[in-house]
Amino acid sequence: MGIIMMKVYICPNCGWLRAVSRRKDVECFKCGEKQMELTKMTYEKYAFLNEKERQDYSESWMYIHKKGKV
């Protein structure tokens with residue numbers, strides 16, 4: 001059996017994080033956004049983050065990626 005590569009996606013609309021395997025079309029179950037974006041975070045790092053750290057990552061990602069979109 002092969003290794004399953006988990007990937008971490010973030011919703012560009014609400015910042016919700018989701019880990020999935022073998023998918024490219026990833027929908028946000030929190031706000032309904034049809035396509036979440038792949039993050040650069042590894043699943044291993046994501047798995048060891050606590051809820052506060054995940055929230056901080058999400059807020060930072062949203063700030064950086066929405067900075068030029070107003």
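From a predicted model like this one, the values you see are computed outputs, not experimental measurements. FYI, side chains are in, hydrogens and waters are out, and symmetry mates aren't considered; it's all heavy atoms of this structure. Start at 1 with the first residue, then count along the sequence.
- Applying the side-chain hydrogen bond (donor to acceptor under 3.5 Å, both in side chains) test to D56 and every residue at least two apart in sequence or in another chain returns K52.
- Checking side-chain atoms of K34 against main-chain N and O of V26 turns up no donor-acceptor pair under 3.5 Å.
- Atom SG of residue C28 and atom CG of residue N13 lie 7.5 Å apart, to the nearest 0.5 angstrom.
- In this structure, K30 NZ and M36 CE are separated by 10.0 Å, a value rounded to the nearest 0.5 Å.
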Compile the donor-acceptor pairs under 3.5 Å between side chains in residues 39-49 and protein atoms, sequence neighbours left out, one pair per line.
from	atom 1	to	atom 2	distance (Å)
T39	OG1	V8	O	2.9
T39	OG1	M41	N	3.3
T42	OG1	K45	N	3.1
Y46	OH	R54	NH1	3.4

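- Linking Ile, Leu, Val, Met, Phe, Trp and Tyr whenever their side-chain heavy atoms come within less than 4.5 Å puts L17 and W61 in one cluster.
- With rounding to the nearest 0.5 Å, the separation of CH2 in W16 from SG in C31 is 9.5 Å.
- Across all their heavy atoms, P12 and M62 have their closest contact at O-CE, 3.5 Å.
- Qualifying side-chain hydrogen bond (donor to acceptor under 3.5 Å, both in side chains) partners for Q55, counting only residues two or more places apart in sequence or in other chains: E59.
- A continuous path of Ile, Leu, Val, Met, Phe, Trp and Tyr side chains, each step under 4.5 Å between heavy atoms, connects V20 with L38, placing both in one hydrophobic cluster.
- Between C11 atom SG and E33 atom CD the span is 5.0 Å, to the nearest 0.5 Å.
- The closest donor-acceptor contact from the side chain of R18 to the backbone of K7 lies at 3.5 Å or more, if one exists at all.
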